[in-house]
2 protein chains.
Amino acid sequence: MDKRQQLMSELMDLCNEITWLNKPELESALNGFTLNEIELIEKIALIPNANVTKLAAASYMTRGAISKLTKKLIAKNMIENYQHATNKKEIYFRLTTIGQKIHHVHQELHRSFLDRDKEVFKHMTADEFDTIFRFIGRYRHHLKNITE
Amino acid sequence: MDKRQQLMSELMDLCNEITWLNKPELESALNGFTLNEIELIEKIALIPNANVTKLAAASYMTRGAISKLTKKLIAKNMIENYQHATNKKEIYFRLTTIGQKIHHVHQELHRSFLDRDKEVFKHMTADEFDTIFRFIGRYRHHLKNITE
DNA sequence: CTTTTATTGTTTCCTCGTCAACAATAAAAC
DNA sequence: GTTTTATTGTTGACGAGGAAACAATAAAAG
C-alpha cells in the first residue's frame, strides 16, 4: 500500500482507538453527561463569545445539533446565554460556575489519560515532537486553504 | 498547555477535519451509500472470514449496529454471507461482484484525496515518515497492552 | 458424557444528530 | 432610503447507532 495512505489510515485508527477507550471513562467519571456535552462545554470555555454557528464549526456538528445540545446544557445549568446590545440575532454562551467545575474535572481527566499513556511520549525527542507538529500543522493549513 | 496534550488535541482535530471534508465527497460519489456502509464494505474486503463480532471491533461500533448494517448491505446485494460446515453459530461475510466494484471505486476516491493533499507530503523525508509511523505504532501498541 | 459458562448474532426500545424548512435579523446591493 | 441576499438560531420528521435482553450454539469445567 501507498506509504501516505498507510500513514493516514493508521492515524485515523489511532484516533478512533483513543476515543473509543476514553469515552466510557469520561462518561462514568462525569456521570450524567454525554461525551458530546462534555466536549461542548470544553469548546464554550475555549471560544470567546461562542455562538451556535461557531460551536458547530468547532465541533464538526450541524447547527441544529448544537442548538439542541446548548438547550440541554442550559437546562442542566451548565451554561447560560447572553447577547450584545448591538446585535439582536446572535446568541452567545458562557459557562456557569457549575459548568466551570465540570470543565476542570474534564481537564483533570485528560491529564490522567496522558499519565496513563506517558510511556508513549517518554522517549520522544524534541525533534520528533516538532516533526509531528509540523506535519499536523501543514496538513491543517492545507485543508484550510482548499476549503475556502 | 502541555506539549503532549496539544499534540493529541491537534491530531484529533486533524482527523475530524479530514473526515468532515471527505464525507460528502464520498457519499455523493458513491450515491446511495452511507459513509459507514462504504467503510464496512472496506473492512469486509480486508478481513478474512469477517463476521459481526470482528467487524464490530474493527469499526468501533456495537455488534447490534453491524448486524443491521450487514442486513442492509445484503439487501443492496453488496455482500453475501456464508458459514463453515464445522460451526453453526458464526456467520461470515464476503463481497459480491457489485460490492467489489464499489470497493474499487472507494479506493480510487482515496487515491484522489491523497492527490488533493499531495503537497502536504511532498517535502517529507523518509525519516519524518518513520518518526510519525513509530509514534503511531508505539501508541497503538500501548493501547493494545492496557486493554487486554 | 453432563453441566456450566462464554460467545455468537439478533431484536426492541430509545437517544442523539442530521436534514430541510422556517422566521428573524443583519448585510449587501441598488 | 428600499430591496435583495445571506446568516442566525430553531424546529419536526427521520434515520442511525447504542444498550440491553434474548435464543442458539460453542467451549470449558466437572
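Chain A is the first sequence line, chain B the second, and so forth, proteins listed ahead of strands; every chain is numbered from 1. Side chains are part of it too, since the values below use all heavy atoms of this structure and drop only hydrogens, waters and symmetry mates.
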K.L.:
Just the rounded figure in Å: distance from C1' of D/dG17 to CG of A/Asn16.
P.N.:
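Between C1' of D/dG17 and CG of A/Asn16: 15 Å.
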K.L.:
Is A/Glu119 salt-bridged to A/Lys122, going by a charged N under 4.0 Å from an acidic O?
P.N.:
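Looking at A/Lys122 together with A/Glu119, the answer is no, because their closest N to O distance does not fall below 4.0 Å.
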K.L.:
Can a side chain N or O of A/Asn87 be found less than 4.0 Å away from OP1 or OP2 on C/dT25?
P.N.:
no
K.L.:
From the list C/dG17, C/dG9, C/dA26, which nucleotide is the closest neighbour of the side chain of A/Leu69?
P.N.:
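Of all the options, the side chain of A/Leu69 is nearest to C/dG17.
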K.L.:
Atom CD of B/Glu90 and atom C1' of D/dA26: how far apart are they, to the nearest Å?
P.N.:
9 Å
K.L.:
I need the residues from residues 35-51 of chain B with at least one non-hydrogen atom less than 4.0 Å from DNA chain C; give them sorted by number, or say none.
P.N.:
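Correct list: B/Asn51.
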K.L.:
Between B/Met61 (CE) and C/dT15 (P), how many Å, whole number?
P.N.:
21 Å
K.L.:
Base, sugar-phosphate, or nothing for B/Lys72, non-hydrogen atoms under 4.0 angstrom?
P.N.:
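Sugar-phosphate contact only.
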K.L.:
Taking only N and O in the side chain of B/Ser67, is any of them less than 4.0 Å away from OP1 or OP2 of C/dT11?
P.N.:
no
K.L.:
Is there side-chain contact between B/Phe93 and B/Leu55, with heavy atoms separated by less than 4.5 Å?
P.N.:
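A side-chain contact under 4.5 Å exists here.
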K.L.:
Pick out which of A/Ile18, A/Leu26, A/Leu21 makes a side-chain contact (heavy atoms from CB on, under 4.5 Å) with A/Phe113.
P.N.:
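That would be A/Leu26.
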K.L.:
For A/Lys23 and for A/Gly64, locate the closest nucleotide of DNA chain D by heavy-atom distance; then report the residue assigned to the nucleotide nearer the 5' terminus.
P.N.:
A/Gly64
K.L.:
Picking from D/dG9, D/dT10, C/dT11, which would you name as closest to the side chain of B/Lys68?
P.N.:
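So the nucleotide nearest the side chain must be C/dT11.
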K.L.:
Taking the side chain as every heavy atom from C-beta outward, state whether A/Ile136 and B/Leu7 have any atom pair closer than 4.5 Å.
P.N.:
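Counting from C-beta outward, A/Ile136 and B/Leu7 do come under 4.5 Å.
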K.L.:
Starting at CD of A/Gln83 and ending at C1' of D/dT10, how long is that distance when rounded to a whole Å?
P.N.:
14 Å
K.L.:
If I take atom CZ in residue B/Arg63 and atom P in nucleotide D/dA23, what distance separates them, rounded to the nearest angstrom?
P.N.:
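Nearest whole value for this atom pair: 15 Å.
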K.L.:
Write down the distance between CD1 (B/Ile66) and P (D/dG18), rounded to a whole number of angstrom.
P.N.:
8 Å
K.L.:
Find out whether A/Tyr139 and A/Leu143 are in side-chain contact, i.e. whether some heavy atom of one side chain is under 4.5 Å from a heavy atom of the other.
P.N.:
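Yes; the side chains approach each other to less than 4.5 Å.
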K.L.:
Answer yes or no: is there a side-chain heavy-atom contact under 4.5 Å between B/Arg134 and A/Glu128?
P.N.:
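Result yes, sub-4.5 Å side-chain heavy-atom pair found.
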K.L.:
When you get a sec, tell me which of C/dT18, C/dG9, D/dT10 is the closest nucleotide to the side chain of A/Ile91?
P.N.:
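Of C/dT18, C/dG9, D/dT10, D/dT10 is nearest to the side chain of A/Ile91.
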K.L.:
Which part of the nucleic acid, if any, lies within contact of B/Ala65, taking any heavy atom under 4.0 Å across all strands shown: a base, the sugar-phosphate backbone alone, or nothing?
P.N.:
sugar-phosphate
K.L.:
Is the shortest heavy-atom distance from the side chain of A/Glu37 to the side chain of A/Leu30 under 4.5 Å?
P.N.:
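Sidechains of A/Leu30 and A/Glu37: no contact.
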K.L.:
On DNA chain C, nearest-nucleotide positions of B/Asn81 versus A/Thr34: which is more 5'?
P.N.:
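First, find each residue's nearest nucleotide; the 5'-ward one identifies B/Asn81.
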K.L.:
How many whole angstroms separate atom NE2 of A/His84 from atom P of D/dT7?
P.N.:
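It is 21 Å, rounded to the nearest whole Å.
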K.L.:
Look at the side-chain heavy atoms of Ile, Leu, Val, Met, Phe, Trp and Tyr, link any pair under 4.5 Å apart, and say whether B/Leu109 and B/Ile41 land in one connected group.
P.N.:
yes
K.L.:
Considering only side-chain heavy atoms of B/Lys89, which listed nucleotide, D/dA24, D/dT11, C/dC19, is closest?
P.N.:
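Closest nucleotide to the B/Lys89 side chain: D/dA24.
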K.L.:
Find the distance B/Phe33:CZ to D/dG15:P and express it as a whole number of Å.
P.N.:
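In whole Å, D/dG15 P and B/Phe33 CZ are 17 Å from each other.
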K.L.:
When all nucleic acid strands are considered with a 4.0 Å heavy-atom cut-off, which category describes A/Lys71: base, sugar-phosphate, or nothing?
P.N.:
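Sugar-phosphate, no base atom in range.
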K.L.:
So, is B/Thr53 near the phosphate of C/dT7, with a side-chain N or O under 4.0 Å from OP1 or OP2?
P.N.:
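Indeed not, no polar side-chain atom of B/Thr53 lies that close.
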